[in-house]
Amino acid sequence: MLPAFVPSGLFRYGFSKKYPARRHFPAPKDLKSTYDVVIIGGGGHALACAYYLSRYHGITNVCVLEKGYLAGGNTARNTAIVRSNYLTPEGVAFYDKSVQLYQELSQETDYNILYSERGHFTLAHTDAAMRTSRWRAEVNKQLGVNSELIYPEDIAKLCPSLNLSDKVRYPILGALYHPPGSIARHDAVAWGYARGAAEAGVEIHQQTAVTGVIVENGVVKGVQTTRGTVYANKVMQATAGSSSLVAKMAGFRLPIRTIPLQACVSVPVKPFLDQIIVSGSLHVYVSQSSRGELVMGGSTDPYSLYSTRSTLDFKEGLLGHMLELLPMLGELKVLRQWAGMADMTPDFSPIMGKTPVENYYIDSGWGTWGFKATPVCGLTMAHTIATGEPHDLIKPFNLERFVNFAQVGEKGAASVGH
Amino acid sequence: MKIMNCPLNGPRNISEFVWGGEVSIMPDPKSVSDLEWGEYCFIENNTAGVVREWWCHVPTSYWFIAERNTVTDEIVRTYPAGEIFNKRVEFAKQSEDKK
Ligand SMILES: Cc1cc2nc3c(=O)[nH]c(=O)nc-3n(C[C@H](O)[C@H](O)[C@H](O)COP(=O)(O)OP(=O)(O)OC[C@H]3O[C@@H](n4cnc5c(N)ncnc54)[C@H](O)[C@@H]3O)c2cc1C
């Protein structure tokens, strides 16, 4: 029975042709037998690449193959920190381009990614950490990135919640302060790119695992999937924790170890922590989400594993240190705990661009730090696939650097996973 | 708590151990090419399945071998490194040869 008062305006709005419901992604189709470009993996990096290929290079006969559900890998599991205060000039230039793209991304994809500039503090508790902070600040400033070393008096003003007492095991001596440091809604980043790509003609196929890569005379011809064979002129893999397994299908090995990275959130509380707080020495980081949960994480697990199980060891190690930084957290409960499979490289930089197989491209080695790079990876990998030549920003991250002994050492800026 | 069976000290908490990565056999430094050496240092199999790995019991500085399933996280077997490395490497002789 209808209520006595019928909100007829609402009905008229609901059924009006003027405001059709906008579908996120078209309903799934059958796989075609051939595409110009096949992208293996349906995470943020793959979707961003499909977006830039279709929107900026006019390559729309593209399909994205995801073995699970859309952006359900590390894209769904990260703690969404975006920053560019890295250590090497190559890294800083690359990540800063990504920060710039993020700042405009809600406009670009017409999808609110809840981009929220918080200010990023990397605390230093030892002389060695102070030295690295000074080093990073100088490299950052040279490249026009807002970043400076500050001392406890300034930290107290900018971040009053933090415990700056010297009556703790590891007193805070200073911090690398990076005002543009931000957080964003990770799912929205992927969904925005996916919708934009799909509207331009890209096909997104979920529940479709790649099981083999077809290579003839050193040139890629297509992929085998759980739904049949698909041929393609060019193929890219962006499969994070599964990078080595997929590369093996194409016939080459990578300098990657798959190691879990865990994180957890507290029950939601009123906003009290605007900033993103990281401690390199204590190996912890924390920020407060727009829902009020404290999002907390640390370093990778102590050994490799293809699994997303969580451990008590992680929580104990993390929260012991966290209580020293923010003692009031002792009253809070942990609400959720989870893990992702991080594709770790020896130098803490990614592996991007060409591979030993012709027309087969790779975006991997994203370890614990690849969410912030999602837009710039899409942009540069799309350029690389469209032109056949690596984009200038990713040249230092080529796969050969390991056997040429030309690593890009970012450990000093990336060892706490965020 | 996860337990690992140390060949020297018996079952101990896994937090007492450090993982050393997959066991691979060092190519001869005298004859190896730069490419092969780079691969030996950095390139990984990163196998999903049972892998033979180096582990160290930190309090006693004891290195040994473990066979571990990298998908299920089961430790299949642990044993002294001598089971595999049963020939003495004559480093002194090698550096003599180089001169
Ligand atoms: C707990 C945690 C916290 C993190 N915090 C941060 C952070 O604060 N800031 C930051 O910058 N980064 C962070 N990261 C890292 C970041 O999440 C990743 O580097 C990034 O999301 C990688 O994106 P991707 O698209 O390459 O991978 P993914 O999102 O993992 O996508 C890869 C996809 O490939 C699919 N796939 C795999 N094999 C196949 C196959 N054979 N066929 C088809 N599909 C396949 C998978 O199902 C998956 O969906 C964090 C990671 C974790 C785990």
Side-chain angles (χ1 to χ4, degrees), chain A residues 239-249 251-260 262 299-317 320 339 341-349 351 355-356 364-365 367 398-409, chain B residues 1-6 11-27 29 32-59 61-78:
Chain A
T239 53
S242 305
S243 292
S244 303
L245 306 180
V246 177
K248 199 172 164 198
M249 296 176 197
F252 59 95
R253 295 191 302 158
L254 296 170
I256 285 180
R257 291 168 160 181
T258 296
I259 305 183
Q262 306 190 40
S299 310
T300 52
D301 274 14
Y303 55 88
S304 76
L305 199 63
Y306 283 94
S307 165
T308 52
R309 59 97 178 89
S310 300
T311 65
L312 180 62
D313 284 1
F314 159 75
K315 230 170 358 195
E316 277 182 346
M341 295 189 292
D343 38 336
M344 301 297 290
T345 55
D347 60 357
F348 287 71
S349 282
I351 297 166
T355 69
S364 72
N398 63 70
L399 172 58
E400 300 91 76
R401 74 177 183 275
F402 295 93
V403 289
N404 295 337
F405 305 98
Q407 283 94 327
V408 187
Chain B
M1 189 195 296
K2 193 172 173 63
I3 303 290
M4 184 168 232
N5 191 22
C6 173
R12 307 293 306 173
N13 187 340
I14 190 106
S15 64
E16 290 184 13
F17 297 88
V18 162
W19 173 64
E22 192 178 347
V23 174
S24 52
I25 305 300
M26 185 173 78
V32 70
S33 69
D34 282 357
L35 181 76
E36 282 171 294
W37 188 252
E39 290 194 346
Y40 165 67
C41 290
F42 299 111
I43 308 293
E44 304 281 342
N45 289 321
N46 201 18
T47 306
V50 177
V51 178
R52 204 161 68 175
E53 300 174 325
W54 282 109
W55 281 80
C56 178
H57 182 250
V58 179
S61 293
Y62 176 69
W63 283 96
F64 60 96
I65 313 274
E67 284 169 13
R68 188 175 64 91
N69 187 319
T70 60
V71 179
T72 60
D73 201 13
E74 274 165 307
I75 298 158
V76 183
R77 198 164 87 87
T78 56

Inset, instruction - Calculate, to the nearest 0.5 Å, the distance between atoms CZ and CZ belonging to B/Phe42 and A/Phe402 respectively. - result: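 Rounded to the nearest 0.5 Å, the CZ-CZ separation comes out at 7.5 Å.
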Inset, instruction - Supply the atom-to-atom distance A/Tyr303 OH to B/Lys2 NZ, rounded to the nearest 0.5 angstrom. - result: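 Result: 5.0 Å between the selected atoms.
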Provide the closest heavy-atom pair for [X] versus [Y] in the form atom of the first, atom of the second, distance.
X	Y	result
B/Ala48	A/Leu245	CB-CD2, 4.0 Å
B/Asp73	A/Leu305	CB-CD1, 3.5 Å
B/Glu22	A/Arg257	N-NH2, 4.5 Å

Inset, instruction - With sequence neighbours left out, write down each residue that passes ring pair (Phe, Tyr, Trp, His ring centres under 6.0 Å) with A/Phe405, or none if nothing qualifies. - result: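 Residues passing ring pair (Phe, Tyr, Trp, His ring centres under 6.0 Å) with A/Phe405: none at all.
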Inset, instruction - Count the heavy-atom pairs under 4.5 Å between each of A/Arg309, A/Gln407, A/Lys248 and chain B, then report the option with the highest count. - result: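 The answer is A/Gln407.
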Legend entry - Part of A/Pro302 lying under 4.5 Å from any heavy atom of chain B: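 Backbone only.
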Legend entry - Which portion of A/Leu399 sits near chain B, non-hydrogen atoms under 4.5 angstrom: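 The answer is neither part of A/Leu399.
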Legend entry - Candidate list B/Asn46, B/Asn45, B/Ile43, B/Thr47, test side chain to side chain contact (heavy atoms under 4.5 Å, CB included), partner A/Ser244, passing option: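 That would be B/Asn46; it is the only one of B/Asn46, B/Asn45, B/Ile43, B/Thr47 passing the side chain to side chain contact (heavy atoms under 4.5 Å, CB included) with A/Ser244.
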Legend entry - Close side-chain approach of A/Ser304 to B/Glu53, heavy-atom, < 4.5 Å: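 Answer yes - side chains close enough.
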Inset, instruction - Heavy-atom pairs under 4.5 Å with chain A are the metric here; pick the option from B/Trp55, B/Tyr40, B/Phe17 that has the most. - result: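 Highest number of heavy-atom pairs under 4.5 Å: B/Trp55.
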Legend entry - Test salt bridge (charged side-chain N to carboxylate O under 4.0 Å, His left out) applied to B/Glu39 - qualifying residues, sequence neighbours left out: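 Scan of B/Glu39 (salt bridge (charged side-chain N to carboxylate O under 4.0 Å, His left out), adjacent residues dropped) gives none.
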